[in-house]
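Worksheet for the structure shown next.
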Amino acid sequence: MRTVSAGPVPTNGPGVARRSLSILGATGSIGQSTLDLVERNREAFEIIALTAQNNVTSLAEAARRTHARLAVIGDPARYAELQTALAGTGIRAAAGPQAVIAAAAEPADCVMAAIVGAAGLEPTFEAARQGRRLALANKECLVSAGEVFMAAVADAGTELLPVDSEHSAALQALAGAAPESIERIVLTASGGPFRTWTSEQLQHATPEQALRHPNWSMGAKITVDSATLMNKGLELIEAYHLFPVSAGQLGIVIHPQSIVHCLVSYTDGSVIAQMSFPDMRTPIALALSWPQRMKAPTRRLDLAAVGSLSFEEPDAARFPALTIARDALAKGGTAPAILSAANEIAVEAFLARQIGFLDIARNVADTMEAAQAKGLVTAADTLSDVLAADAEGRRLAQSLLGRYV
Ligand code: NAD
Ligand code: MG
């Protein structure tokens with residue numbers, strides 16, 4: 001396994017030392033689920049730093065409740081507001097992107113990296129350089145900067161635990177297996193709210209409809225990514241960097257119930273799958289307590305009540321994002337960073353009603369083509385190369401948006 005170091009680590013079981021924890025993106029969907037677990041296990045965790053971009057009220061409340069040492073707001077214009085909200089508590093306040101990065105470097109046993117999008121790259125890299133435990137939710141970091149990021153993790157001896165449910169499932173189904181015994185890793189996808197929609201219907205899909213995910217409650221960006229299936233494309237790239245398999249060994253199957261999260265096939269014909277009710281607190285709990293398990297207050301799985309589990313092939317014609325992501329993975333270098341950047345721009349434009357639902361994948365495909373033509377798909381050897389590619393990808397995607405109106 002590339003993701004975790006061997007041997008036991010201190011756990012938060014009874015009688016064991018508390019674990020200190022920082023949460024980057026504490027006001028988001030993953031951040032709030034993490035806080036929920038922490039607050040139900042108060043004795044087990046000491047909160048060091050909490051960060052958020054805009055929501056001072058939610059950040060300050062969480063910092064007060066958990067007795068955090070530091071609260072950081074990304075938007076510098078909200079610094080005074082944060083100071084006022086924390087007055088008299090003794091909790092340090094800071095603001096701005098550099099302060100978010102500094103929060104990631106505060107000594108802590110574990111950092112939950114749950115900022116959304118490329119904005120999470122620098123803080124997550126900083127956390128990776130600390131050589132402790134990184135609970136990784138920010139998938140864009142592995143997508144955009146996979147090789148560079150995994151090298152930073154290896155150099156620092158950081159213990160990397162994936163929080164994405166499919167990758168958490170893979171970690172468990174792999175159980176330290178020898179790479180040569182692994183035949184295939186198949187990630188499941190719910191298919192999102194538009195699984196059964198025709199292309200004609202998809203053309204008119206609205207942000208409200210895209211944001212209504214059938215199984216998972218998540219932030220807006222990843223919810224739209226689930227509707228286009230770009231989320232699964234990003235997860236393929238994520239899995240490629242996390243696990244010792246080639247791109248050809250990674251597969252996707254649509255599983256509308258979201259009960260099975262990943263299946264690992266072995267050379268002897270065995271298939272090991274991980275199942276749980278779809279609730280991110282399960283994979284978050286595992287990342288926080290690995291290699292032990294902590295209690296999570298999630299709905300328990302009752303297969304008889306579920307009745308049946310179904311699986312189907314993804315439809316590449318209606319959901320082209322999967323093929324676009326696979327192509328970017330095959331090209332490598334800066335291609336996945338450009339893909340992820342273009343997708344962020346396209347999702348924002350769709351949510352702002354500037355483009356239609358099907359234009360999201362079109363915008364990403366057109367950006368990839370233009371980037372290739374301009375010679376922007378090159379090696380990505382450093383974080384600076386990745387950040388430059390991300391900026392170019394954004395510019396290009398933005399400049400192409402006019403095509404779809
Ligand atoms: P969200 O939009 O709910 O929350 C994002 C968090 O990041 C917020 O706390 C926000 O304040 C912070 N943030 C936003 N922009 C920022 C910036 N420029 N600088 C600093 N902080 C900023 O997102 P989420 O759904 O919690 O997802 C977080 C990450 O986890 C994403 O990368 C997503 O792909 C991944 N993930 C989420 C889920 C899920 O169930 N929500 C599942 C798997 C993976
Ligand atoms: Mg996932």
Side-chain angles (χ1 to χ4, degrees), residues 22-36 49-59 62-63 71-76 78 82 94-104 112-124 126-127 135-144 161-171 187-192 211 213 215-226 229-239 242 252 255 258 260-262 274 276 278-284 287 298 340 343-344 347-348 351 390 394:
S22 291
I23 307 175
L24 312 177
T27 55
S29 169
I30 294 286
Q32 294 287 302
S33 292
T34 307
L35 282 165
D36 178 75
L50 299 177
T51 83
Q53 180 61 9
N54 296 308
N55 194 338
V56 166
T57 308
S58 171
L59 174 67
V72 180
I73 194 80
D75 179 0
R78 295 177 194 258
L82 180 63
Q98 288 308 317
V100 175
I101 297 172
M112 166 59 72
I115 293 174
V116 63
L121 259 90
E122 289 186 274
T124 307
E126 191 58 45
L136 184 67
N138 176 276
K139 67 183 75 189
E140 294 85 354
C141 193
L142 268 180
V143 173
S144 298
L161 273 310
V163 168
D164 215 337
S165 54
E166 299 74 5
H167 306 76
S168 174
L171 175 71
L187 311 178
T188 63
S190 69
L211 288 173
H213 196 282
N215 305 343
W216 296 95
S217 155
M218 311 182 285
K221 194 252 175 186
I222 182 174
T223 305
V224 175
D225 287 347
S226 299
L229 290 201
M230 182 57 90
N231 183 46
K232 222 40 62 174
L234 300 180
E235 289 182 357
L236 264 186
I237 303 176
E238 219 185 330
L242 285 170
I252 286 167
H255 167 45
S258 299
V260 177
H261 303 293
C262 177
Q274 185 266 351
S276 55
D279 185 322
M280 286 308 293
R281 288 175 300 181
T282 293
I284 292 170
T298 58
S340 184
N343 182 55
E344 281 194 46
V347 170
E348 270 170 33
L351 288 174
D390 175 80
R394 275 164 209 280

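When a ligand or atom number is given, it counts from 1 through the structure's own listing order. Please read these numbers as outputs of a predicted model, since none were measured by experiment. The figures that follow rest on heavy atoms only: side chains count, while hydrogens, waters and symmetry mates do not.
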- Item | Lys221/Glu140 salt bridge by N-O under 4.0 Å criterion | yes
Within the 4.0 Å heavy-atom cut-off around ligand 1, the contacting residues, ordered by chain and number, are Gly25, Ala26, Thr27, Gly28, Ser29, Ile30, Ala52, Gln53, Ala114, Ile115, Val116, Ala119, Ala137, Asn138, Lys139, Glu140, Asp164, Met218, Gly219, Ile222, Met280
Those residues at least two apart in sequence (or on a different chain) that pass side-chain contact (heavy atoms from CB on, under 4.5 Å) with Ala169 are His261, Cys262, Gln274
For Ser33, the side-chain contact (heavy atoms from CB on, under 4.5 Å) test, sequence neighbours excluded, returns Arg281, Ile284
Quick one: [atom1] on [X] to [atom2] on [Y], what's the gap to the nearest 0.5 Å?
{"X": "Ile115", "Y": "Ile30", "atom1": "CD1", "atom2": "CD1", "answer": "13.0 Å"}
{"X": "Glu166", "Y": "Lys232", "atom1": "CD", "atom2": "NZ", "answer": "3.5 Å"}
{"X": "Ile23", "Y": "Leu59", "atom1": "CD1", "atom2": "CG", "answer": "10.5 Å"}

| message | Under a 3.5 Å threshold, yes or no: a donor from one side chain and an acceptor from the other, between Gln32 and Asp36? | response | no
Within less than 2.8 Å of the Mg ion (ligand 2), the count of protein N, O or S atoms comes to 3
Please tell me if the side chains of Lys139 and Ile222 come closer than 4.5 Å, counting only heavy atoms from C-beta onward. yes
(Q) Do Glu238 and Leu234 have side chains that approach each other closer than 4.5 Å (heavy atoms only, starting at C-beta)? (A) no
